[in-house]
Amino acid sequence: MNLRYSAKQFQAQLSTLVLVFLFPLSSVLNLRSSPASSPARAGAQARITLATVLVVVPVKVTDARGKFVTGLKAENFKIYEDGRPQDVTLFKEEDTPVTVGLIVDHSRSMGPKLPGVITAVTAFAHSSNPGDEMFVVDFNENVSGELLGGKPFTSDAAELEKAVSAVSARGQTALYDAVIEGLTHVELGHQDKKALVIVSDGGDNASHSKFSEMLALAQRSHVVIYSIGLIDESGEEETPKILERLSKATGGITFFARRNDDVAEISQQIARDLREQYTLGYKPTEKNGRDSFRKIAVEVSAPGRGKIHVRTRPGYFPSGVKTQAALPVGILR
């Protein structure tokens, strides 16, 4: 049985899904299925109502040594949107499960780096929360999602490693298309927190999409993106600044590894970073120009903790208050 599905087929079926909602998705979804008793509605698509009422912001707080600052309360945080103070209506510190996609480069330039790729995926999976939902998107000039054990998501590290190691390195690089595929698929997950981890050298010479299109989608979906840049001395097809820009714009981090020995520690560090975060939420003040980019700033007061560093996403593109979109049921088989 072929357990791979075509990215083009997958995205074509999702073409009516407007990705303009704010993260987390699971807190605002209402499924409305057509009554089975209506003959005219037989076989109709399920419909989803997306009501954007809450902006959820993951916040990382570290001390001067880079260690996560624990024990903070909601009153220690102030959040601003375009300079206007907002009331914090959601606050969490606990380790919560994540829906996370591994976007794995299998293009020709990655051939000598494939052992590092497998190491990265395995180390990340073994460091994750048992409740995490994970998936893999492999790409060269083509983009393919992997059905893991016949399922769109898995928590099994062995299934992830098998999916990645089964693909050889060949062809050109469609990084932008692969990230868009990951941003599309991650929203089908059930966890509030969502992230992508890109394992690549950052090059792109085969995508149909542009960098600006990929970045705009990432800013609307509010998925945090981490990158592991595998670089070597030749740097023939490497463009690491692409990875840095994408991660920074979404509140994630880019790491670079020249040796396979570095990859496992980097993967574990990303897994820890996802665990060690505060989650803040607020209902934004209505104003004109809703489609424009809104800047987010978070201030933290931590008396007695010394100098601290706060990392979060720089902002977001808002969506409409309510959007309807048709989502075909049973796409992945």
Side-chain angles (χ1 to χ4, degrees), residues 11 14-29 48-60 79-90 99-101 103 175-189 191-196 198 207-227 242-254 277 279-298 310-325 327:
Q11 290 183 335
L14 284 177
S15 61
T16 55
L17 177 60
V18 183
L19 294 174
V20 294
F21 41 81
L22 292 180
F23 152 86
L25 181 62
S26 60
S27 64
V28 298
L29 281 182
I48 292 179
T49 297
L50 304 178
T52 300
V53 295
L54 187 69
V55 178
V56 178
V57 184
V59 181
K60 178 82 171 189
I79 191 164
Y80 300 86
E81 183 179 283
D82 287 342
R84 296 178 175 87
Q86 306 290 321
D87 294 329
V88 177
T89 58
L90 171 69
T99 298
V100 58
I103 314 301
L175 173 63
Y176 306 158
D177 290 347
V179 173
I180 289 175
E181 173 71 6
L183 290 168
T184 302
H185 189 73
V186 75
E187 296 297 353
L188 302 180
Q191 306 301 347
D192 288 343
K193 292 175 65 174
K194 302 188 190 316
L196 297 181
I198 302 170
S207 283
H208 298 288
S209 306
K210 298 178 181 179
F211 176 84
S212 59
E213 295 170 336
M214 172 189 66
L215 181 61
L217 184 58
Q219 290 173 317
R220 288 190 180 278
S221 66
H222 280 207
V223 174
V224 179
I225 299 178
Y226 296 85
S227 302
I242 289 175
L243 300 177
E244 290 181 303
R245 186 177 174 188
L246 182 59
S247 293
K248 184 177 180 180
T250 59
I253 312 175
T254 296
Q277 293 179 353
T279 304
L280 278 65
Y282 68 94
K283 296 180 180 180
T285 305
E286 294 293 333
K287 65 177 184 178
N288 293 328
R290 286 188 56 84
D291 290 337
S292 61
F293 186 78
R294 297 187 181 184
K295 295 180 180 179
I296 293 175
V298 177
V310 180
R311 189 183 87 242
T312 189
R313 63 186 308 118
Y316 70 98
F317 282 103
S319 68
V321 174
K322 186 175 290 188
T323 302
Q324 284 192 345
L327 175 63

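Along the sequence shown, the residues carry numbers beginning at 1. Note that these values count all heavy atoms, side chains included, but never hydrogens, waters or copies made by symmetry.
Between Phe317 and Arg294 there is no side-chain heavy-atom pair separated by less than 4.5 Å. Side-chain contact check for Thr279 versus Val59: every heavy-atom pair is 4.5 Å or farther apart. The shortest side-chain heavy-atom distance between Ser209 and Ile180 falls under the 4.5 Å cut-off. Using a 4.5 Å heavy-atom cutoff, the side chains of Ser227 and Glu244 are not in contact. Counting heavy atoms from C-beta on, the side chains of Val100 and Gln191 never come closer than 4.5 Å. The shortest side-chain heavy-atom distance between Tyr282 and Val55 falls under the 4.5 Å cut-off. Under the 4.5 Å side-chain criterion, counting only non-hydrogen atoms from C-beta, Glu181 is not in contact with Tyr176.
The backbone N or O of Leu183 sits nowhere less than 3.5 Å from a side-chain atom of Ser221 that would complete a donor-acceptor pair. No donor-acceptor pair closer than 3.5 Å links the side chain of Asp82 to the backbone N or O of Ile296. Between the side chain of Thr99 and the backbone N or O of Val186, no donor-acceptor pair lies under 3.5 Å. A donor-acceptor distance shorter than 3.5 angstrom exists from the side chain of Gln86 to the backbone of Arg84, with no hydrogens or angles considered.
Residue Val224 comes nearest to Pro58 through the heavy atom pair CG2-CG, 3.8 Å, listed as atom of the first residue, atom of the second, then distance. In terms of heavy-atom proximity, Leu54 sits nearest to Gly281 at CD1-C, 3.9 Å. The two atoms that bring Val223 and Leu196 nearest to each other are CG1-N, 3.7 Å, heavy atoms only. Across Pro284 and Glu81, no two heavy atoms sit closer than the pair CB-OE1, 3.5 Å. Summarising the geometry of Val310 relative to Val298, their closest heavy-atom pair is CG1-O, 4.0 Å, with the distance given to 0.1 Å.
To the nearest 0.5 Å, atoms CG (Leu215) and CD1 (Ile242) are separated by 11.5 Å. Atom CG of Leu175 is separated from atom CG of Leu243 by 6.5 Å, given to the nearest 0.5 angstrom. With values rounded to the nearest 0.5 angstrom, Ser207 atom OG is found 10.0 Å from Glu213 atom CD. Separating the NZ atom in Lys193 from the CD atom in Gln277 is a distance of 4.0 Å, to the nearest 0.5 Å. Leu188 contributes atom CG, which lies 9.0 Å from atom NZ of Lys194 (distance to the nearest 0.5 angstrom). Here CG of Leu246 is found 4.5 Å from CE of Met214. Values are rounded to the nearest 0.5 Å.
Other residues, nucleotides and ligands contribute only 12 or fewer heavy atoms inside 6.0 Å of the CZ atom of Arg245.
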